[in-house]
Amino acid sequence: MKTVGINTDLSAWILDKPKTGKTFPKSGKVLPKTGKVFPETVDTQDYNKNNIKISSSRNSDESRNQKTQKFLSRHPEAAAGIYTPAGKSWGSADDLKAARWIYDRLLTVNASLSEPNWAEWANTIRLMRVQDKRTHYEICDLFQWANRDEFWKDNILSPSSLRKQWDQLTTKRLRTIGAAKSSRGGIDLHNTDWIDGVLE
């Protein structure tokens, strides 16, 4: 009787596999059909099966560092570490300071707030300054008013919501100030000039 099973003698195994796919030329020759030219020394591990070069992690790190240096050379006022990797969102040290001030005020309303994305917050404040032509003082001043208002303190929870609602907040604030002045009837109670001539 013949026994069928796996041959445990590894030296008897045939390990030659048929060649599949294309091989890379040894010296800058053109691959047939594709017309692509490869350098004389080719590390085959850097290419996938479609002959597309795969970037190594070292190349990625170098590329990222170059992008960061290029970004910082264009925006030297960007606060250290306060920018996204691609440089889409960033802010200055003063933008970050205003963002942190806003966050501190929010904690008085809700102490369990999670820490924000500082690059995004600083970026929004930068956009309010650059695009909307507002100063850090105006931004913080309007936020402080909203943070004390019974309705708005629960709705303005970030620089982006402040920016979005800016016109509504300003209008409401002006109306509130106007109403307070008119309720006093325009009389300055600290001014006693009116009494001159009365006691004569």
Side-chain angles (χ1 to χ4, degrees), residues 43 45-183:
D43 181 0
Q45 292 178 351
D46 286 349
Y47 292 86
N48 67 12
K49 65 182 180 183
N50 296 322
N51 296 331
I52 297 172
K53 191 165 176 24
I54 301 168
S55 62
S56 67
S57 62
R58 190 187 70 193
N59 290 344
S60 297
D61 289 343
E62 287 173 7
S63 174
R64 200 174 305 120
N65 288 340
Q66 287 174 347
K67 285 180 184 175
T68 300
Q69 291 306 319
K70 189 175 180 181
F71 164 76
L72 290 174
S73 69
R74 283 182 293 150
H75 305 289
E77 71 277 16
I82 305 303
Y83 48 84
T84 53
K88 183 182 175 191
S89 298
W90 62 277
S92 70
D94 285 339
D95 296 330
L96 177 61
K97 189 176 179 182
R100 289 188 187 279
W101 185 88
I102 288 172
Y103 180 67
D104 286 345
R105 296 304 172 278
L106 286 171
L107 291 176
T108 63
V109 176
N110 181 356
S112 65
L113 282 177
S114 56
E115 195 164 320
N117 178 329
W118 293 114
E120 293 296 332
W121 277 38
N123 184 65
T124 301
I125 290 172
R126 179 183 65 82
L127 292 175
M128 291 168 82
R129 280 190 309 105
V130 175
Q131 293 180 357
D132 305 342
K133 309 291 186 220
R134 311 202 194 292
T135 65
H136 286 116
Y137 176 81
E138 291 170 325
I139 292 166
C140 292
D141 187 46
L142 186 61
F143 178 82
Q144 184 169 339
W145 178 86
N147 191 244
R148 291 176 177 166
D149 182 82
E150 281 304 311
F151 173 76
W152 289 111
K153 72 180 180 184
D154 296 326
N155 293 288
I156 304 300
L157 302 175
S158 68
S160 60
S161 59
L162 178 68
R163 186 181 189 205
K164 186 178 178 182
Q165 300 294 337
W166 188 277
D167 292 336
Q168 260 188 295
L169 290 167
T170 305
T171 303
K172 173 92 186 284
R173 184 181 184 189
L174 290 172
R175 266 194 270 136
T176 305
I177 292 169
K181 281 183 180 177
S182 65
S183 69

Who are the salt bridge (Lys or Arg N to Asp or Glu O under 4.0 Å) partners of [X], not counting sequence neighbours?
X      : answer
Glu115 : none
Asp94  : none
Lys172 : Asp149

- So, for Ala99 and Ala122, which heavy atoms are closest and what is the spacing to 0.1 Å? CB-N, 4.3 Å
- dist Asp95:CG -> Arg129:CZ (nearest 0.5 Å) comes out at 4.0 Å
- Message: Nearest 0.5 angstrom please: Thr124 OG1 to Trp121 CH2, how far?
- Response: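 Answer for the OG1-CH2 pair, Thr124 versus Trp121, is 9.5 Å.
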- Side-chain donor or acceptor of Tyr103 paired with backbone N/O of Trp118 under 3.5 Å: no
- Query: Is it true that a side-chain atom of Thr108 and a backbone atom of Asp104 form a donor plus acceptor pair closer than 3.5 Å?
  - Reply: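 No: the side chain of Thr108 does not pair with the backbone of Asp104.
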- Return each pair, listed once, that meets salt bridge (Lys or Arg N to Asp or Glu O under 4.0 Å) where at least one residue sits in residues 133-143; pairs must be two or more places apart or across chains. Asp141-Arg173
- Task: State which residues pass side chain to side chain donor-acceptor pair (under 3.5 Å) with Ser158; sequence neighbours excluded, sorted by chain then number.
- Result: Ser160, Ser161
- Task: May I ask you to test the Leu106-Ile102 pair for a side-chain heavy-atom distance under 4.5 Å?
- Result: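 Leu106 reaches Ile102 side chain to side chain.
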- Message: If we count only N and O atoms by modelled type, under 3.5 Å, do the side chains of Thr170 and Asp167 hold a donor and an acceptor together?
- Response: no
- Item | Those residues that, when tested against Arg105, pass side chain to side chain contact (heavy atoms under 4.5 Å, CB included) (two or more places apart) |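 Testing Arg105 for side chain to side chain contact (heavy atoms under 4.5 Å, CB included), a comparison that skips the adjacent residues, returns Trp101, Phe143, Asn147.
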